[in-house]
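Below is one structure; the comments refer to it alone.
Just so we're on the same page: letters track the sequence lines, and every chain starts at 1. Any value given below was found using the heavy atoms of this structure, including those in side chains, with hydrogens, waters and symmetry copies removed.
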Amino acid sequence: MDDYHVTADDIFWKISRATVSRDQYTVINRTSSSVTFLNIPLINVLLTCNIRMFGQINRSVYGIRIISGLPPEKPENLSCIVNEEKKMMCQWDLGRETHLETNYTLKSEWATEKFEDCKAKRDTPTSCTVNYPPVYFVNIEVWVEAENALGKVASDHINFDPIDKVKFNPPHILSVNNSKELSSILKLTWSDSRFRSFITLKYDIQYRTKDASTWNQVPPEDTSSTRSSFTVQDLKPFTEYVFRIRCMKEDGKGFWSDWSEEASGITYEDRPSKAPSFWYKIEPSHAHGTRSVQLKWKTLPPFEANGKILDYEVTLTRWKSRLQNYTVQDTKLTVNLTNDRYVATLTARNTVGRSDASVLTIPAWDFQATHPVTDLKAFPKDNVLWVEWTAPSEPVNRYILEWCVLSDKSPCIPDWQQEDGTVHRTYLRGNLVESKCYLITVTPVYADGPGSPEHIKAYLKQAAPSKGPTVRTKKVGKNEAVLEWDQLPVDVQNGFIRNYTIFYRTVIGNETAVNVDSSHTEYTLSSLTSDTLYMVRMAAYTDEGGKDGPEFTFTTPKFAQGEIEAIVVPVCLAFLLTTLLGVLFCFNKRDLIKKHIWPNVPDPSKSHIAQWSPHTPPRHFNSKDQMYPDGNFTDVSVVEIEANDKKPFPEDLKSLDLFKKEKVNTEGHSSGIGGSSCMSSSRPSISSSDENESAQNTSSTVQYSTVVHSGYRHQVPSVQVFSRSESTQPLLDSEERPEDLQLVDNVDGSDGILPRQRYFKQNCSQHETSPDISHFERSQQVSSVNEEDFVRLKQQQISDHISQPYGSGKMKMFQEVPAVDAFGPGIEGQVERFETVGMEAVVDEGMPKSYLPQTVRRGGYMPQ
Amino acid sequence: MDLRAGDSWGMLACLCTVLWQVPAVPALNRTGDPGPGPSIQKTYDLTRYLEHQLRSLAGTYLNYLGPPFNEPDFNPPRLGVETLPKATVNLEVWRSLNDKLRLTQNYEAYSHLLCYLRGLNRQAATAELRRSLAHFCTSLQGLLGSIAGVMAALGYPLPQPLPGTEPTWAPGPAHSDFLQKMDDFWLLKELQTWLWRSAKDFNRLKKKMQPPATAVTLHLEARGF
């Protein structure tokens, strides 16, 4: 210290490199310092003594490692066990952790001798097995000593006789023997510990049937002393039993041995304890008056058979007289019986004896089954299918339960079981399968025969259907779709279908689900959007879940069914109606229309207005006038004109008829022609007001002038044409028409002539249709003239149409014809008058050649 | 009792060894003082257990000795083993013995037999046999302690060892191998006889000493049913 010029104050302590607070320092003298730790948290720490030199240089002077821990606690709960033929093993509890290496030593001694210590191994400090074999019947004192660096402590001493801590080896079962005299016992023989000769043992015997899982216990008081065999009683006949046994000291000191290996034995046979279940089935038989009856019975379960069943005896009795006796090894017998009532009995036989008899009444063929069970229910519980019913009011001997799997693929092969008449709740003792539909039939059996069967369907355990329903559309409308599907086949249902869910969606839309009751096979989706692709699928649900079927797509149409028709048909109808109305209208107003569409337009190029002067009378009249002077030419001229018209025109009546038809077809023409002819013929009367007087004087004059007027009047509007022809007089003349009308009215007095008028109206100048040949010829003349003038007059007619009052023109045409007919017979005089006029015209015109053909025709007319 | 001390130095040595330990014997049974009954019963059980144990041990050892010793009907004359305590005794004599004498004779006999047995142990050839013999010796020593305990419980003094004997095994005069085996044979035979006799002795003593205990047992049994 002096070398470094430091004192105790310069000493400081470090523990695990951390400086210890000076509060814990104590300066002993000038060169000594001590440090005190009240609590060392760490188990293994380094303590160093340091000095500070020159006030700044630290230096470690010395260091020590401090290992801290706890002294051992007293071991508790010392106990020992001696496995037979092995050495003694003792174990104990350690107490708290010492953090130090601690040795545990098991010590044992007699009063006269110490035994070798047993040092516990490091990895098993709580137990130790001594190295010497135990000496029984001499008490030994045992204790444990725990020792580490901080101390040594011993447990409480225990003193015991090793024989009281023994766990014996398990006994060994030598045999399990049955007794022919008693079918309910088995004798168990075993060998056990060698201690049995000098100590008392007690036993624990357990047994069970081979298939059982729980053990039955032989009463302990029956096996509380050393023995080597035991007879177990109250066992079932012909049943295999399994035994096991263990032992310990009779006084209960020590430990039970392990269980022995199991050994089994079979009790001896006994006669069958119960009659077999017995039932029958009538099979269709072709022979008349007999029935094929299959009697069937169940093999007795082992606990009732009480042995190996050798055979069955069946007797059949009719009317209480013994009939037949069968010995069968199978469990069924088919017999042909008459239609009478039979009583069948059945007994089972084993090596020891016979069972009681099962009696079955087979009723006569006309027996009517009655009194069924009621409230039949079936439900699964605890993994079996329970059937429950209410007994009928009649006393029931027994019940027969039959069941089979309902399937479309395989036929119903029934299994069956019999229950006592007092039972009305049982479970089906068969290998039932989950997800299968079972059809269960319960038949009560009365003394006189079976009652009516009752049926019910049930599942042992339902599952989701294995296939979903396939949905399809039955009808797709604009906003709705009728979906339909088939009921799922029973094989894929796997349970009772409780409901369906229909999922439908558009390509982009959300899915919509609709629940449908299971009884339906059809559903109408409404509120659909038209012209949209829909995807629809369907799930069927049982109590255990559902299964989707395949997706089906359909597209709603743009229009509802009949919508197009609803639009198109009325439209068509309306159109048709309109058309019809139009046609009708047109038909009714054809004349008016005709005027508008085909007005009689006189051809201005052929207008001879320029010649319209008092000196140039109408050509037609000229031609007419020429008839008389040039009668010789008539026949020849006719032929030529017809040739121009490209229409053969024979003279006979038939060909005339044809011609008439032609005229009808070309009505417009004829009217035009008529107009023109009329015009031309009426020209004289139109041309001068003077002529009006002449027309009034003779009917024939009136007639022609009228016809001409109508045609003439057409020209009235065509003022330009008229002005071009520089003659306004004829057009103005039209105002004189009404007078003509009146005249006609006056002259015409008879209604009977009207048909003729009409005809004439249509054909204007075709009065040749009259039966009177003379009339015809005249008209022919007129028409031919008309045709000739047609082109010429056309333009005039058109303009006339526009300007002329419609009715008046028409009226005139009507009136003209009767005038012709009525006055036909006396026309000659009038004609003569015309002729004179006509003569004048021809002479004035100076164009007799051009009108020659007409004249000739007129000439044809002349004979009249 | 025909204990002829001094015939054999070895026997004396053994006896001395045993007797040297006697002062500790009274403390053998430290579980309070329930009377001599339980310890007599335990001693009886122990003799039967040792008898049982000896049966298998003797079988093994005689097989080790080989024929004719391992033959079931081998019954040689008792020669040269006079030092062995003789268990066979006249029935009249046995009946005339009192408890103290019987216990003393048992104690002394086992003390001697134990010494001989230890000598046998040292000669044994196989480890397995040695282990069995050692275990039997330990057990026999336990029996000695038990007898001492019973005697102490009954207030009898332990027989005093003869002075001047060494507590070590001293082989006797050289025998021929056959005679040595004959000694071994007789040792085991005598031991067995003694165990039979002791069982009988302790059974008698037990019955004599335990009327109250029997009554209690009967009472318990009656209650159990």
| message | If I take atom NE2 from residue His52(B) and atom OH from residue Tyr136(A), how far apart are they, to the nearest 0.5 angstrom? | response | 10.5 Å
| Pick from Val138(A), Ile163(A), Asp161(A): which one makes a side chain to side chain contact (heavy atoms under 4.5 Å, CB included) with Leu46(B)? | Val138(A)
| Heavy-atom neighbours of Lys253(A) NZ exceed 12 at 6.0 Å | no
| said: Ignoring hydrogens, what is the shortest heavy-atom contact between Pro134(A) and His135(B)? Give both atom names and the distance. | reply: O-NE2, 2.9 Å
| field | Per-residue contact mode, Phe115(A) against chain B (heavy atom under 4.5 angstrom) | value | side chain
| query | So how far is it from Leu143(B) CG to Phe137(A) CZ, rounded to the nearest 0.5 Å? | reply | 12.0 Å
| CD/Glu262(A): more than 12 non-hydrogen atoms of other groups inside 6.0 Å | yes
| message | Suppose we screen for disulfide (SG to SG under 2.5 Å). Which residues come up paired with Cys247(A), at least two apart in sequence or across chains? | response | none
| said: Minimum heavy-atom separation for Gln141(B) and Trp110(A), please, with both atom names. | reply: C-CZ3, 4.3 Å
